[in-house]
Every structure is written in C-alpha cells, then in structure tokens.
2 protein chains.
Amino acid sequence: MEEFSDLVMKTSMEKESSIVVGLDPIISNFPKNLQGNDNICKTIYNFNKLVIDVIHPFVVAIKPQLAYYEVYGSKGILALEKTIKYARSKGLIIINDAKRGDIGSTAEAYSEAFLGESSLSGHAVTVNPFLGSDGIVPFLNKSIDSSKGLFVLLKTSNPSSSELQDLTLYNGNKFYMYLASLLKGMSTSLGTYGFSNLGAVVGATYPEQSKILREYLPNTLFLVPGYGEQGGKLTELEPFFNKNGYGSLISSSRSILYSYIKEEPESWGDLKMSQLKEIIEAACIQFKEDINRIR
Amino acid sequence: MEEFSDLVMKTSMEKESSIVVGLDPIISNFPKNLQGNDNICKTIYNFNKLVIDVIHPFVVAIKPQLAYYEVYGSKGILALEKTIKYARSKGLIIINDAKRGDIGSTAEAYSEAFLGESSLSGHAVTVNPFLGSDGIVPFLNKSIDSSKGLFVLLKTSNPSSSELQDLTLYNGNKFYMYLASLLKGMSTSLGTYGFSNLGAVVGATYPEQSKILREYLPNTLFLVPGYGEQGGKLTELEPFFNKNGYGSLISSSRSILYSYIKEEPESWGDLKMSQLKEIIEAACIQFKEDINRIR
C-alpha cells in the first residue's frame, strides 16, 4: 500500500492543491430543505455528500471533525461511516480530526478505530500528545503497519494555545520546541517525496512559530487549521511551505461549508441545491487559488 | 438537579465506597459463550449488563472507556448508549473516559455529547487540557448549566507522563503544578460537601505528586487510574484522600472485568455466567474493601 505521505504529495501535485476542507456538519446551518425530518444520519450524510460532490476535484483531503458526529451518538457515527465510504469512492484522502490521546491498549484501540480496519478508519488521524510518547507510539506503530498517517498536535491555532504550549522551560526553550524535538526523535522512514507519515498540527495563527518549526522539521507534513475563520492571514501562510511549495495542508471548514450564509445572509435558509452547490464550489476554488498564490 | 460533586459524595457515603470500575469491553477476553455471533452491539451490551448487575451495589460509578466502543464504529457506540441507559436504571454514576480536547464550537459539541442531552451523555467526562483554557472552559460552562462534572487530565498514570507533565519551567515549577494553578484559577462554586464539579485525573502511580496536588487542590475531586494493573500500590493511595477519607475515586478496569482470567487461567474460556459473576463480584468487593482500609 502506498505510504500516506506519498499519497498526499501525489494528490497535491495532480490536483495542484494544498487544501483540506473540514466536514463539520451543523444541522441548524443547513438550508431548510436539507434539514430533513428526524433521520439525523440521512440529513448529515446528504449534506456531506453534496459537499463532497462539489469539492472533490479541488481538495487533497476531507477532514471530518468527530465532535459533530459524536454529538448525535450512534446515528451521527453511522453518518460518518457512510460519509467516509462515499469520500473513498471519490478518491479522497480522509483525515479524521479526532484529537485522541490515550495509553497502552486503549491507544491501540483508538489507533485500530482510525488507522486500522474499522468502519471509521480513514487515511490519517489527529493525535493529542499530552500523555507523552506512551500516547503517540501506539498510533505511530499502527501507522507503520498500515502505511497510514497521524498528525500530532504541536502548536494549535487557538488563542489560549500559548498558555501551555508556549511555556518557557528551565533551559530557555519553549514547550512546543521540546515537543517538536520528541517528534523529531521518533524514528520514521521517509516516503518517496521526503516526508514522514508522522505529521504535526501547526496553527495558521502562529506564523513566527511555524517558521521555526518548518525549518526544524523539514520532513514533517503540517496540517494547518485556523486560516480564515480563526484569523490566520494569507500572507502569513508562506513560511508553512518549503521552497518547493509543499509540506503543508491548509484546512478550512465552516467558511467553505457555510459560505452561502455569508454570501446570501437574507435568504440562505431558502437556497436550492443548485445554488448551494455553486456558492460552495466558488468558495472552495477561491480557497485553493488563494493558497496556490502564496506557496 | 443535584450537583455532580454532591452526587458523588452522597453515593460514596451511602455505599461506603470510593471505587469506580472501568468498562473496557474486549471481546477476545469474554468467555466463549459470551463472544456471541456477529452482533457486536449485543455481545458488548450483554457483557456490560452482566458486569453492571454484579458490581452496582459496590461502586460509586462506572467509567466506560470510549476507545473500546469507537473501535466498533456505530455498532460499538450503540452498545455504549444501551449500556449508559442500563447503568442509569441501576442508579449508577457514569463517567465517560473520553479524554476529549478541542476548542470553540467543536469543544461545545463534545461537551453537548458528553454533558448535554445526547444519548452518550453521562454524569461526567474526562478532558484533555493540551489546548489550554480554550479547551476546558466550554466543558466547564456546560457542566455549570447541567450540574454535571469534568475531570481534567493533570498528572496521568503512564510511565511517559513525565516527559511533558513533569517538565521544569523557567521559574523552577513543574508543568503539572502550573496546570494545577490554571485549574485552581477557574471559578467554580462548591457543592454541599465542599467539592467542585471541576475534577482532575491524577494517576495512582505518582504518590509524591498526588500528595502535593491533594494539598494544593483541597476542593477538587480526583479520578485515580493506574491502581493495580499499572503498578499503583495500595499504601501509596493514602495521600489521595483528605483527612475525612474522601476526595478521590480509585478506578480499576481490567483487573475487575477480567479477574476470571487470572483466577481460572486454564478454563476461563469455558466459564458459565454464574461462575463469572461470582468471580467478578469477589474481585470488586475485594477492591472496595482494600481501598476502604487505607482511606
């Protein structure tokens, strides 16, 4: 099976794209005729299918955010399973944004869920490193077995990420740099394009840190949230890419999915499918082109 | 609605117990006649129901570990929903060990899933603080609205928890103490028994740190994993309790659930329901009494 990092690179080159669209289904944001009846699974799946149909030629990957499925319990998870299956049929890479972190056999169960043979399994998963290498290695081992990928949270996009991640240590180093050194020390082989299957999450809102991290981790794919809706600016994304214009996947969720709310603030609730598709497609193409201008 | 911390304290006093049993269903550990056919949901639910029937008089709470359900996708999550419903009918407190951590509306969705009206919602959830207060406050706000509880990972029980959580900061303080000060600074009201609904996870394997943390956070309920199977010793649990013998819930999972494997190493696969129940009950009562001896 092709290594995750190679799959990302090949897809990125073929589609001339470095973007990922997050699938965060929020039913109250759907136009009325898509809010459906009581069948939550069908309602979510139909919306995701519409989005996938529109965006798949332009994006490297989709990034389902687990919270928006879990909130509907088993029905939501069923919608995610169906979404993953459909996305696969469109040749899309699936990065489950689960931010799971646990130890021992529990971490093995999570890695089986997201990188194994389970119905939820995609091509990569986001991982929370708070528990130390005990919480990362089981995912890493699974990724080696399955040729899949993981993105470890390194410097997140939110305002208070500084509270813990930017703490200064006894030797003057920053906490996130120490974490970066832990990741660098984890042995992983590199794919054909020079990247590892062990990636990192680095927020678009911290361009200075990203520059340092990009130089320190030249073989690490970055998954980059926080562009647009969270205030990350286009020009500040430049340091996320290497000199060849690769190495980062820029993610956006709600500003693409719900672009019609901004575009048609008065009448979005009554939009027809065809109008919806046009607006989402235009927002996705604009996103892709914006990123391509600076990388 | 009764505050979570009061519910814990009342239950603890009524049952004369400070123990929690984790529900980590691992089908290959079930006796043959419980491994069922292909109906994974039913197989897991039947085992959990058997365990709940046996242990409910002796435990303050059950602690389902989400990974072991998620690995079976929507079928596993359905088994968890049914388990939660059944546990409620037995008057049990449910602490979902999900270790979720995210920001903004995503964290709100997780907190709705686990502390709201969702089918997965119990009485409390474990939360990962890596993202800083942005990742904690949405859960805290939800717990205030719903009178439910959260346990924030503070010093986890695994060997490599020291890698990040014990880092020494520029001022000589330890990382986990800085995190403890963040939690202390979060305004929460106290219940009738003097405890907050904002609890913390502190591993049984770190008695020195727990002593410092117990003194620093006198109003914080500790959820304590790592006793037994991970090497935490009985006498080392003393500092987890205050002078009245309260303040901590000691958790054990597999050494109770799968006590029959240790008890009957040759023939556990062929055990009958009645034998299984007897062995699990004895292990649970022993666990409860052991903890009561030192608190």
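Just so you know, these numbers come straight off a predicted model, no measurement behind them. Per chain, numbering begins at 1; letters A, B, ... match sequence-line order.
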Part of A:Thr168 lying under 4.5 Å from any heavy atom of chain B: both

Does atom OH (B:Tyr170) have a neighbourhood of more than 12 heavy atoms from anything else shown, all under 6.0 Å? no

For atom CG of B:Asp38, is the number of surrounding heavy atoms from other residues, nucleotides or ligands below 6.0 Å larger than 12? no

I'd like to know which of A:Ser118, A:Gly135, A:Ser119, A:Ser133 tops the heavy-atom pair count under 4.5 Å against chain B. A:Ser133

Please determine, among A:Ile77, A:Leu131, A:Leu120, the option with the most heavy-atom pairs under 4.5 Å with chain B. A:Leu131

Is it the side chain or the backbone of B:Ala79 that comes within 4.5 Å of chain A heavy atoms, both, or neither? neither

Would you check if B:Leu164 and A:Leu179 make a side-chain contact, meaning some heavy-atom pair closer than 4.5 Å? yes

Roughly how far apart are B:Glu108 CD and A:Ile26 CD1, rounded to 0.5 Å? 9.5 Å

For the NZ atom on B:Lys85, are there more than 12 heavy atoms of other groups (residues, nucleotides or ligands in this structure) within a distance under 6.0 Å? no

For A:Ser251, all residues meeting side chain to side chain donor-acceptor pair (under 3.5 Å), sequence neighbours excluded: none

Engaged part of A:Ser105 at the chain B interface, taking heavy atoms whose separation is under 4.5 Å: both

Answer with side chain, backbone, both or neither: which region of A:Gln65 has an atom nearer than 4.5 Å to a non-hydrogen atom of chain B? side chain

Out of B:Arg254, B:Gln165, B:Glu117, B:Arg100, which one racks up the most heavy-atom pairs below 4.5 Å with chain A? B:Arg100

Below 4.5 Å from any heavy atom of chain A, which atoms of B:Tyr69 appear? Answer side chain, backbone, both or neither. neither

Return the option, out of A:Asn158, A:Asn173, A:Leu80, with the maximum number of heavy-atom pairs under 4.5 Å with chain B. A:Asn158

In this structure, are over 12 heavy atoms from other groups packed under 6.0 Å from B:Lys42 atom NZ? no

NZ/A:Lys75: more than 12 non-hydrogen atoms of other groups inside 6.0 Å: no

Hey, does A:Leu66 have a side-chain heavy atom less than 4.5 Å from the side chain of B:Tyr110? yes

Sub-4.5 Å side-chain heavy-atom contact between B:Leu169 and A:Leu169: yes

Options A:Gly132, A:Ala113, A:Ala67, ranked by heavy-atom pairs under 4.5 Å with chain B, top entry: A:Ala67

Is there a donor-acceptor pair under 3.5 Å between the side chain of A:Tyr68 and the backbone N or O of B:Thr106? yes

Which residues satisfy the side chain to side chain donor-acceptor pair (under 3.5 Å) test with A:Lys155, sequence neighbours excluded? A:Ser161, A:Asp166

A:Ala98 versus chain B, the contacting section by heavy-atom distance below 4.5 Å: backbone

Non-hydrogen contacts under 4.5 angstrom with chain A: give the residues of residues 122-130 of chain B involved, or none if there are none. B:Asn128, B:Pro129, B:Phe130

Listed by chain and number, what are the salt bridge (charged side-chain N to carboxylate O under 4.0 Å, His left out) partners of B:Glu81, not counting sequence neighbours? none

Using heavy-atom distances under 4.5 Å, tell me whether A:Leu167 contacts chain B through its side chain, its backbone, both, or neither. side chain

Per-residue tally against chain A (heavy atom, under 4.5 Å) across B:Thr156, B:Val137, B:Asp102, B:Leu182 peaks at B:Asp102

